[in-house]
J.: 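Structure in structure tokens, see below.
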Amino acid sequence: MDKLSPEQRHKNMAAIRGKNTKPELVVRKGLWSRGFRYRLNSKKLPGHPDLVLRKYRTCIFVNGCFWHGHHINLQFDDLQFTIENSECCKIPKTNRTFWVAKIRRNQARDIEEQKRLAEMGWHCITVWECELKPSKREETLKSLAFTLNKIWLDDHAVKKPYPKLEEEEGMLKAAEERR
Ligand SMILES: [Zn+2]
């Protein structure tokens, strides 16, 4: 464990952090092949979402489990416990205080950005790197597509059911009463 030199670690993490990382490509391809269209890395929106689907009013974030602290609740009191027990986010044993602070900041920023997006009327979906492992990939993409379709349907639901029919019924009634 933890045998990388600081430089190597920095390099690795820079690579993980960069855009066009593999998990993001998996999501793009998966959605594209299912007919969804999107924009990438929208600079205009808070948090620069990885994918923006205007038609669905939805932003998708593809999050690395390490950087965004998947399965780690850093707001917990017993930090040691949650850190040791996350399967996704293994915080290095050296410089632990630094990493915890860093990931905690990232999490706080994620929450803040998604809150702002929600206030602007956007739905936000987070897809985690670990959910895109080959064994889980198809299931994740399927459920993502399902969620998007559900969002669209909910947003376009007719608020008042069959207004036309009710109108027609009213007219029929009025006609009957006139008789
Ligand atoms: Zn994860």
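Each ligand, and each atom within it, is numbered from 1 in the order the structure gives.
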J.: Using the rule that two of Ile, Leu, Val, Met, Phe, Trp, Tyr join whenever any of their side-chain heavy atoms come within less than 4.5 Å, decide whether Leu45 and Ile151 are in one cluster.
T.: no
J.: Measure from the side-chain N and O atoms of Arg54 to the backbone N and O of Tyr38, and report whether any donor-acceptor pair falls under 3.5 Å.
T.: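 No, Arg54 side chain to Tyr38 backbone: no donor-acceptor pair under 3.5 Å.
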J.: Return a table of donor-acceptor pairs under 3.5 angstrom between the side chains of residues 135-142 and protein atoms on other chains or two or more places apart.
T.:
| unit_1 | atom_1 | unit_2 | atom_2 | d |
| --- | --- | --- | --- | --- |
| Arg137 | NE | Leu132 | O | 2.9 |
| Arg137 | NH2 | Leu132 | O | 3.1 |
| Glu138 | OE1 | Arg34 | NH2 | 3.1 |
| Thr140 | OG1 | Glu131 | O | 2.5 |
| Thr140 | OG1 | Lys136 | O | 3.0 |

J.: Flag the pair Val52 / Thr58 as yes when at least one side-chain heavy-atom distance between them is below 4.5 Å, and no otherwise.
T.: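 No, their side chains stay 4.5 Å or more apart.
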J.: Please list, chain by chain and in numerical order, all residues satisfying side-chain contact (heavy atoms from CB on, under 4.5 Å) with His68, sequence neighbours excluded.
T.: Asn63, Asp110, Trp128
J.: For Lys29, enumerate each residue passing the salt bridge (Lys or Arg N to Asp or Glu O under 4.0 Å) test, keeping only those at least two apart in sequence or located in another chain.
T.: none
J.: What protein N/O/S atoms lie closer than 2.8 Å to the Zn ion (ligand 1)?
T.: Cys65 SG, His70 ND1, Cys88 SG, Cys130 SG
